[in-house]
Number of protein chains: 2
Amino acid sequence: MSHTLGVRQAQKQKTRRALLDAGLRLLEDQSLSSLGLREVTRVVGVAPAAFYRHFRDMSDLGVALVEESLGSLHGVVRVILAERDGDEQLIDATVEAVAELVRGYPAHIRFIARERHGGVRPVREAIAAELSRFADEVAEAFAPQLTAEGWSLEDVRMLAELYVDHMVMTATAFLEAQPGDQPGEPSEAQPGEGAGDPEAVRRVAATARRQLLLISLGRRHWRTG
Amino acid sequence: MSHTLGVRQAQKQKTRRALLDAGLRLLEDQSLSSLGLREVTRVVGVAPAAFYRHFRDMSDLGVALVEESLGSLHGVVRVILAERDGDEQLIDATVEAVAELVRGYPAHIRFIARERHGGVRPVREAIAAELSRFADEVAEAFAPQLTAEGWSLEDVRMLAELYVDHMVMTATAFLEAQPGDQPGEPSEAQPGEGAGDPEAVRRVAATARRQLLLISLGRRHWRTG
DNA sequence: AAAGTCGGCGAACGGTTGTTTACTGAATGA
DNA sequence: TCATTCAGTAAACAACCGTTCGCCGACTTT
């Protein structure tokens, strides 16, 4: 599809990407409401006025980052929920998926966690909308089985929100367990990669698994035990 | 105790309070890392330099706000957990306590939610420490009964963290259901008080109750069902 | 009553911010 | 080939920022 997009548009999207990347990098140490326009353009190596060719605002860039961070998540649910051979394996797969997400895109996850209740309204609303759509998909995936067991749609939605919130919670816990460039600590004992204390990561994963296990235990006995 | 504190110190603490109040008010629409020193002093009506008589930094003021917001919470747990006549009433009491907290001190709660993962490290760490202490108390309150049922201390702590995180989650959900001065919407149909859509508030409470019910259902069947 | 403490003031500093303006020059399309 | 589009530039703008300095004057201690 699409006939290779022309040299003009290609260059434009290239600097747009650079702006997004620079913004995301700077947002690891500060929040969006304090991130300056000039700060971003300075990192990219472009004139401040060039910013306006791509974004109206800083919050505009923020919304774009939200879509980039959470947009690719929508397929993931069905993939994980498809390979379920029992509760425990589904839980393991879920926690592992969250861990991999945090390991692969720490800056994106940190951005979402930080701006979910941050000071920029449009960004907050974009995140809320995206997470709500995410909960919709989780609910949709659980609906067939649970309604067959006599669950109301309201209760299914309630459970889906609990799952989504717990996933976000787990993701931020993973983030705190593997700090990116935490100043104060000069370096790692293991100079391999930037993954923080591996034992702390395992502890977070173990806690998350047990919590999900407890929740699914409650789910099995809902209005039947 | 303490001999009435002298006129000098009294005046000092008065402007200190004013600075904290002004900061908290301004932080309803922005995050700490973008809050300016001059901005705060301007609201209070003092010279910018006066700020340094009370706080070293903006993050210093932030840490003070954390203690003020979460410090008074430590007694609350035992009070609620004391009046328990069965699971459901304990859940109702908990949700009602959170709702009242949000209704009574919305700015404090918003501040905590916003800065928990915000851009200012010392504040993040202060919040994390306070919430951890809170989880300790919850765990301590649940320990006698649960250990008698064969729970490990690790599992008790896991459950306590789940409860605390769910309470924070519920508090922010309440906040979103009753927006303070949400611009865009000119005013309330009911000009009585600033509480937003009452039905949305009830819906949040109902969801939180059912989620807690499901969790306590899982707790009852932990390693026994 | 004298000496000392200290919260707040006012001014100045160097630096940064967002935004607008007129412009250049390469890619584009007729 | 020639006119047009438009991403990026350079400069200027007023406004604001955090921080430092010396000073005043009301409170406090001796």
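Owing to the predicted nature of the structure, the values given are computational and were not obtained by experimental measurement. Reminder, nothing fancy here: chain letters follow the sequence lines and each chain counts from 1.
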Please report the distance, rounded to the nearest Å, between NZ in B:Lys12 and P in C:dT5.
15 Å

Tell me, please, which residues at least two apart from B:Glu130 pass side chain to side chain donor-acceptor pair (under 3.5 Å).
B:His74, B:Arg133

Parsed dot-bracket for DNA chain D after applying the Watson-Crick and G-U rules with both distances under 3.5 Å and | for other-strand partners is ||||||||||||.||||.||||||||||||

Looking at A:Ala171 and A:Ile109, what are the two nearest heavy atoms and their distance?
CB-CG2, 4.0 Å

Nearest heavy-atom contact between A:His117 and B:Ala113 is CB-O, 3.9 Å

Side chains of A:Ser34 and B:Ser34, donor plus acceptor under 3.5 Å
no

Those residues at least two apart in sequence (or on a different chain) that pass side chain to side chain donor-acceptor pair (under 3.5 Å) with B:Asp92 are none

For B:Arg17, enumerate each residue passing the salt bridge (Lys or Arg N to Asp or Glu O under 4.0 Å) test, keeping only those at least two apart in sequence or located in another chain.
B:Asp21, B:Glu68

I'd like to check the side-chain contact (heavy atoms from CB on, under 4.5 Å) partners of A:Ala141; sequence neighbours left out, ordered by chain and number.
A:Leu81

Out of the candidates A:Met58, A:Glu115, A:Arg114, only one should pair with A:Val123 under the side-chain contact (heavy atoms from CB on, under 4.5 Å) rule; please name it.
A:Glu115

Between B:Arg53 and A:His54, which residue's closest nucleotide on DNA chain D lies nearer the 5′ terminus?
A:His54

Strictly under 4.0 angstrom, non-hydrogen atoms only: write out the protein contact profile of nucleotides 24-30 of chain C, one letter per nucleotide from the 5' end, B, S or -.
--BBS--

Partner residues of A:Thr207 under the side chain to side chain donor-acceptor pair (under 3.5 Å) criterion, sequence neighbours left out:
none

What residues form a salt bridge (Lys or Arg N to Asp or Glu O under 4.0 Å) with B:Glu96, not counting sequence neighbours?
B:Arg103

Where chain B begins and ends its contact with DNA chain D, read 5' to 3' at 4.0 Å from heavy atoms:
D:dC17 to D:dT28

How does protein reach along nucleotides 10-21 of chain C, written 5' to 3' as B (base within reach of a heavy atom under 4.0 Å), S (only sugar-phosphate), or - (no contact)?
B-B----SBBB-

In short, salt bridge (charged side-chain N to carboxylate O under 4.0 Å, His left out) pairs touching residues 56-66 of chain A with sequence neighbours left out are none

B:Arg16 vs B:Gln11 side-chain heavy atoms within contact, under 4.5 Å
no

Sequence neighbours excluded, the answer for ring pair (Phe, Tyr, Trp, His ring centres under 6.0 Å) partners of B:His108 is B:Tyr105

